[in-house]
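What follows is a short report on a single structure.
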Amino acid sequence: MVAEVRRFSGKQQLEVAKSIDYMELFGGYHREYVDLEMEQQKVRGFIYVYDEKPETEVIEHGDWFRYLKEKELSE
């Protein structure tokens, strides 16, 4: 799986987290906590998972951004 990782700190953290939660949680996703390994450092984080089964094709390699680029190039 490919994921975008963002880290926020200080006063900005709560405000950004609330904005992202609002967008994702009310957009049909739920949050799941995961253990990540980045640059040989283990970090606890969370991902947003879509609640419904998608009605489109499966992206085998799991990278949505790569999928969009490849689709754009093939058109």
Side-chain angles (χ1 to χ4, degrees):
M1 175 188 306
V2 176
E4 179 179 331
V5 177
R6 295 184 180 231
R7 179 180 284 178
F8 304 97
S9 62
K11 296 177 183 178
Q12 180 187 31
Q13 183 176 2
L14 186 58
E15 187 176 318
V16 170
K18 284 181 178 180
S19 296
I20 293 171
D21 266 359
Y22 181 81
M23 180 177 64
E24 299 292 355
L25 299 176
F26 290 101
Y29 292 80
H30 68 274
R31 188 182 324 141
E32 290 185 11
Y33 288 88
V34 294
D35 293 316
L36 307 168
E37 189 170 324
M38 298 179 346
E39 300 175 1
Q40 301 183 8
Q41 179 183 10
K42 293 187 179 183
V43 179
R44 183 80 169 153
F46 58 85
I47 60 174
Y48 293 99
V49 179
Y50 194 56
D51 290 330
E52 297 179 26
K53 184 177 179 178
E55 297 178 11
T56 60
E57 62 190 280
V58 174
I59 302 170
E60 295 295 333
H61 50 68
D63 185 337
W64 175 250
F65 186 72
R66 177 178 146 195
Y67 167 78
L68 290 177
K69 284 233 175 235
E70 290 170 352
K71 187 174 179 178
E72 182 179 296
L73 291 173
S74 69
E75 292 179 347

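It should be emphasised that the depicted structure is a prediction, and the values quoted were computed from it without experimental measurement.
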With a 6.0 Å cut-off (strictly less than), is the heavy-atom count around CD of Glu15, excluding the residue itself, greater than 12?
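At most 12 heavy atoms, drawn from other residues, nucleotides or ligands, come within 6.0 Å of this atom.
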
Shared ILVMFWY cluster between Val16 and Leu25, side chains joined below 4.5 angstrom?
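Yes: a chain of side-chain contacts under 4.5 Å links Val16 to Leu25.
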
Is there a path of hydrophobic side-chain contacts, each under 4.5 Å between heavy atoms, that joins Tyr29 and Tyr33?
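Tyr29 and Tyr33: one cluster.
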
With rounding to the nearest 0.5 angstrom, report the OH to NE2 distance, Tyr50 to His30.
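Answer rounded to 0.5 Å: 12.5 Å.
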
What distance separates Leu68 CG from Leu73 CG, expressed to the nearest 0.5 Å?
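The distance works out to 11.0 Å.
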
Step by step, would you call Arg31 with Glu24 a side chain to side chain contact (heavy atoms under 4.5 Å, CB included)?
CA-CA 9 Å; Arg31 188 182 324 141; Glu24 299 292 355; over 6 Å; no

Glu75 bridged to Lys71 by N-O distance under 4.0 Å:
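No.
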
Dump the intermediate steps for side chain to side chain contact (heavy atoms under 4.5 Å, CB included) on Lys18 and Met23, then the final yes or no.
CA-CA 9 Å; Lys18 284 181 178 180; Met23 180 177 64; over 6 Å; no

Tabulate below the donor-acceptor pairs under 3.5 Å that side-chain atoms of residues 38-49 make, not counting sequence neighbours, or state none.
unit_1 : atom_1 : unit_2 : atom_2 : d
Arg44  : NH1    : Asp35  : OD1    : 3.1
Tyr48  : OH     : Asp21  : OD1    : 2.4

